[in-house]
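In what follows, a structure is listed as structure tokens, so that the remarks can point back to it.
Below, read A as the first sequence line, B as the second, and so on, with proteins coming before strands; counting in each chain starts at 1.
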There are 2 protein chains.
Amino acid sequence: MARVSAAARRELLIEATIRVMVRDGVAKATTRAIVAEANMPLGAFHYCFRSKEELLERVIETITDHTLDPALEGLRADGSLEERLRAGLGAYWQHVLDHPDEHRVTYELTQYALRESGLADVAKRQYQTYLAANTKVLETLAEVSGTTWSVPVPVLARYVTALIDGLTLLYLNEGDAGTAGAALDLGAEYVAGLARI
Amino acid sequence: MARVSAAARRELLIEATIRVMVRDGVAKATTRAIVAEANMPLGAFHYCFRSKEELLERVIETITDHTLDPALEGLRADGSLEERLRAGLGAYWQHVLDHPDEHRVTYELTQYALRESGLADVAKRQYQTYLAANTKVLETLAEVSGTTWSVPVPVLARYVTALIDGLTLLYLNEGDAGTAGAALDLGAEYVAGLARI
DNA sequence: GTCTATAGGAAGATAGAC
DNA sequence: GTCTATCTTCCTATAGAC
């Protein structure tokens, strides 16, 4: 292991942490489990990170980006406002179906961070990032289709964010992917209908 | 403490657990913290409950009822379908604003239970209970106003459940009660518009 | 930087006197 | 049933040789 720099080890530990969390849950991601996953000795942990809290801050930032990327990618499709909105939501939903355990971890991490005094604002920033992304999406969709929203964008952004988040959580906990997906389509149709020329 | 029966102690421990969880979080609700909150010796725990898991099962069932009660209460109002729906959602939302930490615990408990093999189906049952309650609400609202839903009730129930759940989580994590409340109103208006004579 | 060994504490659960 | 004292295990973090 002498051939890997400390900086590179930090990245390896972040990735190993996410793998452990996805497989076994946030509570099981102890420093011991993490270094074992990364094939490093226990002592390596504390000259790569000052504390476990410092690692978790990086993990939350990394996994939040993972969640957002597929949705923003899907929005690049062509077509009407409604078609593009459906494509974006569809891409996100497919990611949920393909990687349910990774999404479960994002919820666990939010709750975990919110209770740790040093990480409370990291949790808040996570949701502000979701909101900012959906706000940007709504503004862009209106702009390229030459319309405006008949509902204030901050309200609509929270509506969309909450529906996506709530349906994901419902699917993860209850398990009916088809009906939850239909509810997401219903939301896309409704939101698209709120655009005015 | 010799004057309290073991059965009564079980209830006292369940209530003490919820108080600790609301104040300090699920992870901090150790057996030691719980018995201290209930003013009992540590040894009392294990002749009231076989294990911590057995206690948590009872805690989840109890707190799920707490969450549902105010919403079902609010629905008893008079008025049109939309007025009654708004009253029910409004009563629920007021409960969230008044007791945010209690709602935070419900999310923490779901995640916690889902990772414990012995409690996984308790978590699933929690969400099935939410869904069943909202399904019942939608069916009752349609019945008393002589209408039917233009969208399949299972889809609509998931839509409502997810929007409520997502907006609660968003408010707890981000903090803008006013805008989240406005988004909930938007949802109530939309759903009410899906009723057909 | 890198590792082994260990400190120091807190968790759930139990043994055994009363 | 009731309590005190303790067992066992697992955690984060550090000390100190190389």
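- Here C:dC3 presents its P atom at 11 Å from CG of A:Asn39, a figure rounded to the nearest Å.
- Looking at which nucleotide of DNA chain D each of B:Gly43 and B:Ala6 is closest to, the 5′-most match is held by B:Ala6.
- Side-chain proximity of A:His46 to the nucleotides C:dA11, D:dT14, D:dA5 is greatest for D:dT14.
- As rounded to whole Å, 17 Å separates atom C1' of C:dG1 from atom CZ of A:Phe45.
- For the 3.5 Å distance criterion, the side chains of B:Tyr92 and B:Thr168 qualify, holding a donor opposite an acceptor.
- Listed here is the closest heavy atom pair of A:Tyr171 and A:Ala180: CB-CB, 4.4 Å.
- For D:dT2, the OP1/OP2 oxygens have a side-chain nitrogen or oxygen of B:Tyr47 closer than 4.0 Å.
- Rounded to an integer number of Å, the gap from B:Lys28 NZ to C:dG9 P is 18 Å.
- Rounded to a whole Å, the CG atom of A:Leu13 is 13 Å from the C1' atom of C:dT2.
- Regarding B:Arg32, its CZ atom lies at a distance of 13 Å from the P atom of C:dT14, rounded to whole Å.
- B:Arg9 has a side-chain polar atom (N or O) that falls below the 4.0 Å cut-off from OP1 or OP2 of D:dC3.
- The pair A:Lys124-A:Asp121 does not meet the salt-bridge criterion, since no charged nitrogen lies less than 4.0 angstrom from a carboxylate oxygen.
- Look at CZ on B:Phe49: it is 16 Å from P on C:dT14, rounded to the nearest Å.
- Ring planes of B:His95 and B:His103: perpendicular class, angle over 60° (limits at 30 and 60°).
- In this structure, of D:dT4, C:dA13, C:dT4, it is C:dT4 that holds the atom nearest to the side chain of A:Pro41.
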